[in-house]
Amino acid sequence: MIELAAQPFAFRFEPAHTALVIIDMQRDFIEPGGFGESLGNDVSLLEAIVPACRRVLGAWRELGGLVVHTREAHRADLSDCPPAKRNRGNPTLRIGDDGPMGRILVAGEPGNQIIPALAPAAGEIVLDKPGKGAFYATPLQRMLDERGITHLLFMGVTTEVCVQTSMREANDRGYDSLLLEDCTESYFPQFKQAAVDMIRAQGAIVGWTAGSKQLLAALTAR
Ligand code: TIU
């Protein structure tokens, strides 16, 4: 059992029953020319978390823990993209349109890949999801349950959209979840802070938060 200094109180987990879930660290969100920028965002804010994510991923791999990478991705025919999602707002490019990194948010396109610095390794789960949450219309719950997973460590982007949605879905399904604060980022720093605060408020109403240093220290002390 590992005990980690976290907020609002210590987070205890068995690595064998815990998965590291990395949400949507894709070129579409982190590099210019993808979905994130098409929505009008300054995507340069997001790459700052990559070194901390790499340290955690490396330590978790050394431990032999389960890793899940998600990608927000739609089928080429957009049959899994509700018109409401495609037509909302006034983006410069819509989901499925041709962009500088291929078709926006479409599976298999260059822009839809996970950034090379965090590329999945053999044996790790790579899960395409059509929604913001990782559990909606995916086999994730079954995959975790088959492997006896009860606890989740979250990293990725963006904090208040796909990360928070996935943590809320996990919470309602009975998993204990922790968000690594310096391994998640938003296009809006104030939204990141608000999401972190609301996740851990009310006695961990959604889950726990901690810095990657706390996790790495706890893994080393093991
Ligand atoms: N727009 C935004 O902040 N995020 C997303 O659309 N998807 C994810 O968070 N992955």
Side-chain angles (χ1 to χ4, degrees), residues 20-50 53 57 67-75 78 80-97 99 101-115 117-120 125-138 140 152-171 177 179-196 198-199 206-207 209:
L20 176 65
V21 182
I22 309 174
I23 301 289
D24 301 358
M25 289 296 287
Q26 297 164 258
R27 300 182 67 199
D28 251 318
F29 296 103
I30 295 165
E31 294 184 17
F35 182 58
E37 190 176 72
S38 81
L39 298 173
N41 297 304
D42 172 5
V43 297
S44 67
L45 279 174
L46 269 47
E47 66 188 11
I49 65 169
V50 174
C53 290
L57 179 57
V67 180
V68 178
H69 304 259
T70 71
R71 295 183 294 213
E72 187 171 347
H74 291 284
R75 296 189 196 119
L78 303 187
D80 58 356
C81 181
K85 181 174 181 182
R86 183 160 199 271
N87 295 334
R88 184 106 25 97
N90 191 26
T92 52
L93 292 169
R94 294 191 185 275
I95 295 169
D97 287 352
M101 295 191 289
R103 294 180 67 201
I104 296 289
L105 221 59
V106 169
E109 297 289 331
N112 207 241
Q113 304 308 312
I114 291 168
I115 57 169
L118 296 170
I125 294 173
V126 181
L127 188 77
D128 283 347
K129 61 183 185 57
K132 302 306 182 192
F135 291 87
Y136 170 68
T138 73
L140 181 57
L152 304 174
L153 303 171
F154 277 90
M155 322 198 284
V157 295
T158 63
T159 317
E160 81 283 10
V161 183
C162 290
V163 176
Q164 182 173 209
T165 302
S166 299
M167 285 189 76
R168 289 178 181 277
E169 288 182 331
N171 192 42
S177 300
L179 174 60
L180 291 163
E181 285 180 55
D182 54 328
C183 299
T184 184
E185 195 49 88
S186 168
Y187 301 121
F188 305 87
Q190 70 274 29
F191 290 173
K192 171 181 174 175
Q193 189 58 51
V196 166
M198 68 178 78
I199 281 165
V206 176
T209 69

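Whatever order the structure lists them in is the order used to number ligands and atoms, beginning at 1. For reference, positions follow the sequence shown, starting with 1.
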Would Asp24 and Lys129 count as a salt bridge (charged side-chain N to carboxylate O under 4.0 Å, His left out) here? Give the steps.
CA-CA 9 Å; Asp24 301 358; Lys129 61 183 185 57; 2.7 Å; yes
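- Looking only at distances, a side-chain donor or acceptor of Glu169 sits under 3.5 Å from a matching main-chain atom of Phe135.
- Checked by atom type and distance alone, the side chain of Arg103 never pairs as donor or acceptor with a backbone atom of Asp97 at under 3.5 Å.
- Remark: the backbone N or O of Glu185 is paired with a side-chain donor or acceptor of Thr159 at under 3.5 angstrom.
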Evaluate the side chain to side chain donor-acceptor pair (under 3.5 Å) criterion for residues Thr92 and Ser38: first the C-alpha distance (whole Å), next the side-chain angles of each, then the deciding distance (0.1 Å), finally the verdict.
CA-CA 5 Å; Thr92 52; Ser38 81; 4.8 Å; no
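- No donor-acceptor pair closer than 3.5 Å links the side chain of Glu37 to the backbone N or O of Pro32.
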So what's ligand 1 close to, N/O to N/O, under 3.5 Å?
{"unit_1": "ligand 1", "atom_1": "3 (O)", "unit_2": "Thr158", "atom_2": "OG1", "d": "2.9"}
{"unit_1": "ligand 1", "atom_1": "4 (N)", "unit_2": "Thr158", "atom_2": "OG1", "d": "3.4"}
{"unit_1": "ligand 1", "atom_1": "6 (O)", "unit_2": "Lys132", "atom_2": "NZ", "d": "2.9"}
{"unit_1": "ligand 1", "atom_1": "7 (N)", "unit_2": "Glu72", "atom_2": "OE1", "d": "2.9"}
{"unit_1": "ligand 1", "atom_1": "9 (O)", "unit_2": "Thr158", "atom_2": "N", "d": "2.9"}
{"unit_1": "ligand 1", "atom_1": "9 (O)", "unit_2": "Thr158", "atom_2": "OG1", "d": "3.2"}
{"unit_1": "ligand 1", "atom_1": "9 (O)", "unit_2": "Cys162", "atom_2": "N", "d": "3.1"}
{"unit_1": "ligand 1", "atom_1": "10 (N)", "unit_2": "Asp24", "atom_2": "OD2", "d": "2.8"}
{"unit_1": "ligand 1", "atom_1": "10 (N)", "unit_2": "Val157", "atom_2": "O", "d": "3.2"}

